[in-house]
**Q** 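This is the structure, below, for whatever I ask next.
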2 protein chains.
Amino acid sequence: MTDVTRRRNAAATRQALLEAARDRFIRLGYEGTTLRDVAADVGVNLALIKRYFSSKEGLFKAAVAATPRFLGRDDGIPGDVHSLADALSHQLSAGAWPEFGEHPVLMLLRAAGDERVDALRGQALLDAALQVLAAAGHSSVDDADDDLLLRAELLVALGVGVAVVRSATGLQPLRDATAGQLSSPLRDVVTALIEPPTNAP
Amino acid sequence: MTDVTRRRNAAATRQALLEAARDRFIRLGYEGTTLRDVAADVGVNLALIKRYFSSKEGLFKAAVAATPRFLGRDDGIPGDVHSLADALSHQLSAGAWPEFGEHPVLMLLRAAGDERVDALRGQALLDAALQVLAAAGHSSVDDADDDLLLRAELLVALGVGVAVVRSATGLQPLRDATAGQLSSPLRDVVTALIEPPTNAP
DNA sequence: CCGCCATGTCAACAAATGATGACTTAGCTG
DNA sequence: CAGCTAAGTCATCATTTGTTGACATGGCGG
């Protein structure tokens with residue numbers, strides 16, 4: 001945004017536009033984001049967006065492509081239920097994602113009815129559920145029955161819900177919960193969902 | 001909408017407008033809903049909305065006021081953790097809310113940045129969390145420590161997440177999950193959150 | 001039957017917003 | 001330095017959408 005090395009530097013300007021757009025898309029959704037505001041954030045003329053991204057939809061797709069998925073990041077895939085719970089705690093803690101302001105999954109969820117984005121969004125959530133299953137020791141989809149997949153998706157839904165609730169309300173203490181505070185309850189949930197207490201004969 | 005008894009009947013027309021608006025607000029959010037579409041749904045002129053609700057914001061607030069809260073409905077407040085889990089299973093099952101199409105909580109979450117709606121939304125979610133606490137045997141807020149409140153809010157977030165994920169994606173098997181299928185996992189989650197397995201000394 | 005008033009329609013305005021082509025300027029290259 | 005091209009600006013258009021005042025009309029009370 002305030003990059004000094006951006007004097008008639010196309011790549012840097014394009015990048016700045018992308019970041020400004022991503023920030024607004026995450027906070028305000030597709031409809032709520034105006035191209036004029038994005039251009040103003042960067043201090044550049046509206047028409048440049050057309051040059052670099054063709055249209056608002058092009059800008060949105062580029063922003064989506066440049067945003068990490070739900071359980072994706074660089075943390076690597078958690079190998080067991082405990083590290084999965086820890087990864088969730090960190091992803092859902094208050095200070096996480098300082099570069100986005102909100103949880104990046106919100107951008108996907110606030111998208112317009114575009115077909116390609118819909119597919120991307122569904123895939124991202126399914127991927128997350130599969131990662132949960134992997135952490136539970138199931139390497140392939142067919143390895144798990146529908147009930148287990150449903151349980152994994154419920155865990156993903158919990159993550160989505162936390163992100164949504166935090167961004168939409170000031171609900172305390174959830175709003176400011178740290179990873180440390182989330183850790184204990186989330187461990188309980190993960191364990192209960194993926195390793196039910198009394199289910200084996 | 002297709003009420004035959006609606007020939008120059010102000011009350012019925014007003015009600016039809018309210019229902020059409022509610023449906024669109026829930027599915028498409030505040031920004032995504034246009035007054036022209038709402039009027040067209042009812043088969044009435046756009047200007048009538050101004051007459052009955054003053055403005056789009058007035059229409060939205062009326063729709064919010066006429067929509068049940070999260071754990072509110074008429075089911076009554078669940079008295080223990082098991083009936084709480086069952087109530088959740090039913091509220092979050094695929095066929096629930098036939099009169100809205102989606103879970104009504106989505107209307108609150110997709111609201112514009114209006115101050116009063118923000119407050120309403122926060123209050124609705126807090127109420128839901130308090131109901132969860134009540135089901136856990138805590139009659140007042142002060143009765144519970146922050147950790148327990150956080151756990152209750154996580155359960156509410158799970159509900160919100162399920163509603164959001166279902167409305168935004170075709171994620172299976174969550175999308176079509178019945179109350180029966182949700183029951184077992186949700187019981188595990190509720191128990192784990194509200195009655196942690198190994199916490200007492 | 002007739003007029004009145006609630007009910008509803010019509011046409012038009014203004015603001016916001018995405019899209020677009022013509023124009024300008026800075027910085028490199030020869 | 002001259003000039004060409006990429007980078008950026010400007011003014012404007014078309015569309016959508018909320019808002020609004022003037023107008024039409026149907027049913028009910030007298």
Side-chain angles (χ1 to χ4, degrees), chain A residues 1-25 27-64 110-114 116-117, chain B residues 1-25 27-64 110-114 116-117:
Chain A
M1 280 221 238
T2 52
D3 195 349
V4 196
T5 82
R6 223 195 71 236
R7 209 171 74 186
R8 263 177 132 77
N9 178 339
T13 300
R14 200 192 125 102
Q15 183 63 26
L17 280 172
L18 204 56
E19 288 174 11
R22 191 177 56 187
D23 183 77
R24 286 195 177 266
F25 281 137
R27 284 188 299 114
L28 308 170
Y30 185 85
E31 308 281 333
T33 296
T34 79
L35 296 187
R36 277 172 176 77
D37 285 344
V38 172
D41 284 347
V42 179
V44 106
N45 190 279
L46 159 76
L48 259 199
I49 295 180
K50 175 201 161 83
R51 181 190 292 282
Y52 290 144
F53 303 98
S54 302
S55 66
K56 184 180 186 180
E57 196 176 316
L59 177 63
F60 181 75
K61 287 181 180 169
V64 166
R110 287 173 177 162
D114 176 73
R116 198 161 146 275
V117 172
Chain B
M1 284 222 235
T2 51
D3 194 349
V4 197
T5 83
R6 224 195 69 234
R7 211 173 70 185
R8 265 180 131 72
N9 178 339
T13 300
R14 200 192 123 102
Q15 183 64 24
L17 280 172
L18 203 56
E19 289 174 8
R22 192 177 55 187
D23 182 77
R24 286 193 176 267
F25 282 137
R27 283 189 299 112
L28 308 170
Y30 186 85
E31 308 281 334
T33 297
T34 78
L35 296 187
R36 278 172 176 80
D37 286 343
V38 172
D41 284 347
V42 179
V44 106
N45 189 280
L46 159 78
L48 260 199
I49 295 180
K50 175 201 160 85
R51 181 188 292 284
Y52 290 142
F53 302 99
S54 302
S55 65
K56 183 181 188 180
E57 195 176 318
L59 176 64
F60 181 75
K61 286 181 180 168
V64 165
R110 287 172 176 163
D114 176 72
R116 198 161 147 273
V117 171

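Note that the coordinates shown come from a computational prediction; the quantities given were computed from them, not determined experimentally. Proteins come first, then strands; the chains are lettered A, B, ... in the order of their sequence lines, and each starts at number 1.
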**Q** Restricting to nitrogen or oxygen on both sides, can you table the protein-nucleotides 7-10 of chain D pairs closer than 3.5 Å?
**A**
residue: dA7(D); atom: N3; partner: Arg8(A); partner atom: NH2; Å: 2.8
residue: dG8(D); atom: OP1; partner: Thr13(A); partner atom: OG1; Å: 3.0
residue: dG8(D); atom: OP2; partner: Tyr52(A); partner atom: OH; Å: 2.7
residue: dG8(D); atom: N7; partner: Arg51(A); partner atom: NH2; Å: 2.7
residue: dG8(D); atom: O6; partner: Arg51(A); partner atom: NH2; Å: 3.1
residue: dT9(D); atom: OP2; partner: Asn45(A); partner atom: N; Å: 2.7

**Q** How would you give the extent of chain B contacts on DNA chain C, as first and last nucleotide 5' to 3' within a 4.0 Å heavy-atom cut-off?
**A**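 Result: dA6(C) to dA12(C).
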**Q** Please state whether the rings of Phe25(A) and Phe60(A) are parallel, tilted or perpendicular, taking 30° and 60° as the class boundaries.
**A**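 Taking Phe60(A) first and then Phe25(A), their aromatic rings stand perpendicular (interplane angle over 60°).
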**Q** With Arg36(A), which residues qualify under salt bridge (charged side-chain N to carboxylate O under 4.0 Å, His left out), at least two apart?
**A**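 Arg36(A) satisfies salt bridge (charged side-chain N to carboxylate O under 4.0 Å, His left out) with no other residue.
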**Q** Taking only residues two or more places apart in sequence or in another chain, which ones pass side chain to side chain donor-acceptor pair (under 3.5 Å) with Arg14(A)?
**A**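 Counting only residues at least two positions away or on another chain, Arg14(A) forms no side chain to side chain donor-acceptor pair (under 3.5 Å).
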**Q** Rounded to the nearest Å, what distance is computed from the CZ atom of residue Arg36(B) to the P atom of nucleotide dT20(D)?
**A**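 Going from CZ in Arg36(B) over to P in dT20(D) covers 13 Å.
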**Q** Sequence neighbours left out, what passes side-chain contact (heavy atoms from CB on, under 4.5 Å) with Asp37(A)? Give chain and number order.
**A**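 Partners of Asp37(A) under the side-chain contact (heavy atoms from CB on, under 4.5 Å) test: Arg24(A), Thr34(A).
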**Q** Report the C-alpha distance between Glu57(A) and Tyr30(A) in whole Å, list the side-chain angles of each, state the deciding distance to 0.1 Å, and finish with yes or no for side-chain contact (heavy atoms from CB on, under 4.5 Å).
**A** CA-CA 9 Å; Glu57(A) 196 176 316; Tyr30(A) 185 85; 3.9 Å; yes
**Q** State, to 0.1 Å, how close Leu35(A) and Ile49(A) come at their nearest heavy-atom pair, and which atoms those are.
**A**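 Result for this residue pair: O-CD1, 3.6 Å.
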**Q** What contact category does Thr33(A) fall into here, base, sugar-phosphate, or nothing, at under 4.0 angstrom with non-hydrogen atoms?
**A**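 Sugar-phosphate contact only.
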**Q** Considering every strand and a 4.0 Å limit on heavy-atom distances, what is the contact class for Lys56(B): base, sugar-phosphate, or nothing?
**A**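 Touches sugar-phosphate only.
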**Q** Quick one: list whatever passes salt bridge (charged side-chain N to carboxylate O under 4.0 Å, His left out) with Arg27(A), sequence neighbours left out.
**A**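 Once residues adjacent in sequence are excluded, the partners of Arg27(A) under the salt bridge (charged side-chain N to carboxylate O under 4.0 Å, His left out) criterion are Asp23(A).
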**Q** Write down the distance between CG (Leu17(B)) and P (dG18(D)), rounded to a whole number of angstrom.
**A**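 So the CG-P distance, Leu17(B) to dG18(D), works out to 14 Å.
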**Q** For the NZ atom of Lys56(A) and the CG atom of Leu59(A), what is their distance to the nearest 0.5 Å?
**A**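 The distance works out to 9.0 Å.
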